[in-house]
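Below is one structure, written out as structure tokens; comments come after it.
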Amino acid sequence: MLGAALLSMPWRAHIDHVDAQLYVVIARHAAESGRWLDLSFLPGHWPQFREHLPFGFWPAIAAMRALGEWAVPPMYALLTLSTAALIGWLGARLSGPWGGLAALLAFMLPEATWHYGGRLMLEPPLLLLSTAAAAPVLLGTPSRRGWLCAAGFGALAVLIKGPFGLVPLVSVVTARAITARSIRILVRGAIACAAAAVPLALFLWADASLGDGSWAEGYGRGQLLASATGARRDGVTAFWFPLAVVAGRFWPGLPASAAGVWRSLRRDPADAEARLLAWASFIALAILCVPQRKWGNHALVAFPLLSLLAGAGVGPWLARALTSATRARNVEVILGLAAALAVVLSVFGVGARVQRPPCAFSTTFAPALAQLSAGTPIAIVSAEDETLALAELAEERHLVPWPAAHLADARPEAHLAFARPDTLAPDAAPWHERARADGWVLLER
């Protein structure tokens, strides 16, 4: 209940987020056209979208086609809540009931989880499937069925976001092999990870051999290979960037994870789970530091393991401190009151008060944009990449923005233009200015 209220809190607010708004437009076009494997953004920008695999958009496309666009946020919130439930269950199996509760809260309370966990992002399905892939190995040495489950869920996670889908499984397999001193686990884990990569390899091979090769070229070479080698210029190149993301965004779970690390250093046999989770978390963060190009949301795939480590860190302490039924009942009351308060705050739209100020497209320019019908072309004039502005206008207003370097390049059917001031000549005829805000000039022809 607390998690659901937190996830719904941003829904009443205006949030400008390039990925979330970009992905809504992509899913909308796929839902309208019925082409689930041929993603597109805008006619003038990424008419063929190959930055990410199509499968992570399928829950949104299905929700749009079945219920409408309103159903997309609840769909992805449900995926995030499912991940939280899985983490709580795993934490209870590994560290006792209080460890499971601590792990669940460590995952749900960070802003990085609830702020975007109920929006169309690739992370909600990725975290659920990748954590499910690691679950059989976390719970012990898997049986044959356990390895099949790990490979199956790992394959689905890879189809969502490529190699990042294997980070938890690889980390937990390696950690289990280290703590158990077992080469057999390492070999079987390597086979499971290799099997998990087969569906993606077959998809790219089939696209290159039987299709137009756009996924093999655009995603395989333009995304995977270029990101790994640093050929792409966007993103952050500092190797320690994922560590900075965890240090800055995994709160309030970070101190509890540190307690888990401390327990892992003791030689008490009761802390075996803490050692496993500490190794797994360390390996996951080390893997995330390897690619040359990094983004902040890449580090989120390590949050479930860090949450379980937090549960292992404080779970035994909570179990000793809350031995009496009265104390345990008091915790239930506190959590119930917190959940009820979060529901009230969400219903009354308090989430809107903790967001950044809304963009000018939804404030200053809103009256002019409200007069336009869906599908109206509009020019975005800038010398820079303005993907956020394109996504905002396309997602919120259902317009068709066209990027242009100069006003003279604006499409003839566009009668409105948003231009950066440094692109305007002294004489902008036949355009005349209507308004200015947030570094944009609204012009009408």
Side-chain angles (χ1 to χ4, degrees), residues 83 86-100 102-103 106-107 127 129-155 157-158 163-198 246 256-290 301-317 319:
T83 306
L86 177 59
I87 290 171
W89 179 75
L90 288 171
R93 292 285 302 272
L94 294 171
S95 309
W98 293 109
F107 176 73
L127 297 189
L129 294 169
S130 62
T131 305
V137 192
L138 280 170
L139 296 177
T141 302
S143 62
R144 180 177 298 179
R145 179 180 297 179
W147 285 119
L148 288 174
C149 288
F153 282 115
V158 170
F164 291 102
L166 283 179
V167 170
L169 179 57
V170 170
S171 303
V172 172
V173 164
T174 308
R176 176 67 71 183
I178 291 173
T179 56
R181 298 180 181 181
S182 171
I183 295 295
R184 177 178 295 180
I185 292 176
L186 192 63
V187 172
R188 291 181 176 178
I191 295 173
C193 291
V198 169
V246 170
S257 296
V261 173
W262 175 77
R263 287 189 180 278
S264 73
L265 299 176
R266 306 194 312 172
R267 297 187 178 276
D268 190 334
D271 294 321
E273 287 78 11
R275 281 190 288 275
L276 171 69
L277 292 166
W279 270 111
S281 300
F282 171 79
I283 294 168
L285 292 174
I287 293 173
L288 292 172
C289 291
V290 171
V301 75
F303 276 28
L305 291 176
L306 291 168
S307 300
L308 291 170
L309 179 60
V314 302
W317 177 80

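Side-chain atoms are counted along with the backbone in the values below, which use heavy atoms only and exclude waters and symmetry mates.
For the pair L277 and S264, the minimum side-chain heavy-atom distance is 4.5 Å or more. Side chains of T83 and I87 form a contact here, defined as non-hydrogen atoms less than 4.5 Å apart. Contact of the W147 side chain with the V173 side chain is registered, since non-hydrogen atoms from C-beta on lie closer than 4.5 Å.
Distance check: F107 CZ to L308 CG gives 10.0 Å after rounding to the nearest 0.5 Å. Considering CG of L129 and CG of L169, their distance stands at 12.5 Å, rounded to 0.5 Å. Atom CD1 of I185 and atom OG1 of T174 lie 11.0 Å apart (nearest 0.5 Å). Between atom CH2 of residue W89 and atom CG of residue L139 there is a gap of 5.0 Å, rounded to the nearest 0.5 Å. Atoms CD and OG1, on E273 and T179 in that order, are 9.5 Å from each other to the nearest 0.5 Å. Atom CZ of R275 and atom CD1 of I178 lie 13.0 Å apart (nearest 0.5 Å).
The minimum heavy-atom distance linking L305 with P168 is given by the pair CD1-CA, 4.2 Å. Here the closest heavy-atom approach between residue A195 and residue A151 is recorded as CB-CB, 4.3 Å. Scanning all heavy atoms of the two residues, the minimum distance from A196 to G154 falls at CB-C, 3.7 Å. Shortest non-hydrogen contact noted between A132 and P136 is O-CD, 3.3 Å. Taking each heavy atom of P316 and G311 in turn, the nearest pair found is CD-O, 4.2 Å. Closest approach of A175 to I283, counting heavy atoms only: N-CD1, 3.9 Å.
Remark: I183 CD1 is loosely packed, at most 12 non-hydrogen atoms of other residues, nucleotides or ligands lying under 6.0 Å away. Residue F153 places its CZ atom among 12 or fewer non-hydrogen atoms of other residues, nucleotides or ligands, all under 6.0 Å distant. No more than 12 heavy atoms of other residues, nucleotides or ligands sit less than 6.0 Å from atom CH2 of W279.
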Practice task
Take L86 and L90 through the side-chain contact (heavy atoms from CB on, under 4.5 Å) test and state the conclusion after the steps.
Solution key: CA-CA 6 Å; L86 177 59; L90 288 171; 4.1 Å; yes
Handout entry: Stepwise side-chain contact (heavy atoms from CB on, under 4.5 Å) check, S171 with I287
Key = CA-CA 8 Å; S171 303; I287 293 173; 3.8 Å; yes
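A donor-acceptor contact shorter than 3.5 Å links the side chain of S257 to the backbone of L306. When atom types are taken as modelled, the side chain of R176 and the backbone of L138 share a donor-acceptor pair closer than 3.5 angstrom. No donor-acceptor pair under 3.5 Å is formed between the side chain of R263 and the backbone N or O of A274. In this structure a side-chain-to-backbone donor-acceptor pair under 3.5 Å is missing from R93 to G100.
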